[in-house]
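In this text the structure is predicted, and so the values were computed from the model without any measurement. Within every chain, numbering begins at 1; the chains are lettered A, B, ... in the order of the sequence lines, protein sequences first and strands thereafter.
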Protein chains: 2
Amino acid sequence: MAAVDQRYTASRRALVQALLKAGRPLTISEILAGVAGMPQSSAYRNLTVLCDAGVARRLPGMDDLGRFELAEDLSGHHHHVICADCGTVVDFAASDRLERALLEASRLVAEQTGFDISGHRLDFDGRCPNCS
Amino acid sequence: MAAVDQRYTASRRALVQALLKAGRPLTISEILAGVAGMPQSSAYRNLTVLCDAGVARRLPGMDDLGRFELAEDLSGHHHHVICADCGTVVDFAASDRLERALLEASRLVAEQTGFDISGHRLDFDGRCPNCS
DNA sequence: CTCAGTGCAAAGGATTTGCATGCCG
DNA sequence: CGGCATGCAAATCCTTTGCACTGAG
């Protein structure tokens, strides 16, 4: 890890802690709220560093808000359940059976499209208990 | 459809045609390139209308570019293969077996999270032939 | 002493909105 | 006529950058 990373400073530690504690992807706003006193720019900059270092991961969102979570190396392979109303994202681990089916599908996709497939992302869309 | 939509104007028709012809999700830039003479604001505005009308759909992307495609009502249920380098998105239809497994998983997710699940999204990440 | 890290403020880029005008019904 | 649609330009929103300063090795 030290191979890529520069220094594991207080700010970065704080970011990782925040993500760890949340156990689900967080927006910048949520992160800033949880790590009082950190300027946006530092949050963005360090999050970028963490992503490059393979510690964190940025994920796409329906709304235009960037969300961050710990890399799967640290959190384990999982998928997401997304509320169409408030955008909240919750983690979810798929069954082995489903994962196997997905792997198989990857091979198929590679054959059919010529892409070199490196992974998959599975999201469930719905409405969370709060927004129902 | 007329229930939600206002008017099916030339601009909107052009947008739908462009998406239809492409057969894959397009960015705003790609759309503007294909529909010469349309101002960005009109493209955005009409795309929004089309999305509200259930004719089109906006999808999340790793890069910050919004991509649009026709709704599944028109294009059929499918998934995406995304190039990590250039961001190009290609459509892909999953096997019945996989779809069944996904449906089953939806039920499981609903139980475990309390969400009301309305659908799923499956993306394969990789590198396209051009970027390899 | 040197270089990475930090904050602030300014810059960027994609998307949205206000407003006046044009056109369909 | 009345209301939606359209263009243009200005405004927003999230995110990235430039720059000068501080801190660790």
Please report, rounded to the nearest Å, how far the [atom2] atom of [N] is from the [atom1] atom of [X].
X: Tyr8(A); N: dG5(C); atom1: OH; atom2: P; answer: 14 Å
X: Arg7(B); N: dC23(C); atom1: CZ; atom2: P; answer: 12 Å
X: Asp64(A); N: dC13(D); atom1: CG; atom2: P; answer: 11 Å
X: Asp63(B); N: dG13(C); atom1: CG; atom2: C1'; answer: 13 Å
X: Arg13(A); N: dA24(D); atom1: CZ; atom2: C1'; answer: 14 Å
X: Gln40(B); N: dA11(D); atom1: CD; atom2: P; answer: 18 Å
X: Ile31(B); N: dA14(C); atom1: CD1; atom2: P; answer: 14 Å
X: Leu47(B); N: dA14(C); atom1: CG; atom2: P; answer: 16 Å

For residues [X] and [Y], report the shortest heavy-atom separation together with the two atoms involved.
X: Thr88(B); Y: Arg24(B); result: CG2-NH1, 4.2 Å
X: Asp73(B); Y: Gly54(B); result: OD2-O, 4.4 Å
X: Phe68(B); Y: Ile28(B); result: CE1-CD1, 3.7 Å

Once ring-ring contact (aromatic ring centres under 6.0 Å, His included) is applied, do any residues pair with His120(A), and if so which ones, sequence neighbours excluded?
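If we apply the ring-ring contact (aromatic ring centres under 6.0 Å, His included) test to His120(A), skipping adjacent residues, the hits are His77(A), His79(A).
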Are Leu19(A) and Leu59(A) in one and the same hydrophobic cluster, where Ile, Leu, Val, Met, Phe, Trp and Tyr link if side-chain heavy atoms are under 4.5 Å apart?
no
Report all side-chain donor-acceptor pairs from residues 107-117 of chain B shorter than 3.5 Å, counting only partners two or more places apart or in another chain.
| from | atom 1 | to | atom 2 | distance (Å) |
| --- | --- | --- | --- | --- |
| Thr113(B) | OG1 | Val109(B) | O | 2.8 |
| Thr113(B) | OG1 | Phe115(B) | N | 3.2 |

Once each nucleotide of nucleotides 6-12 of chain C is scored for protein heavy atoms under 4.0 Å, what B/S/- sequence comes out, 5' to 3'?
BBBB---
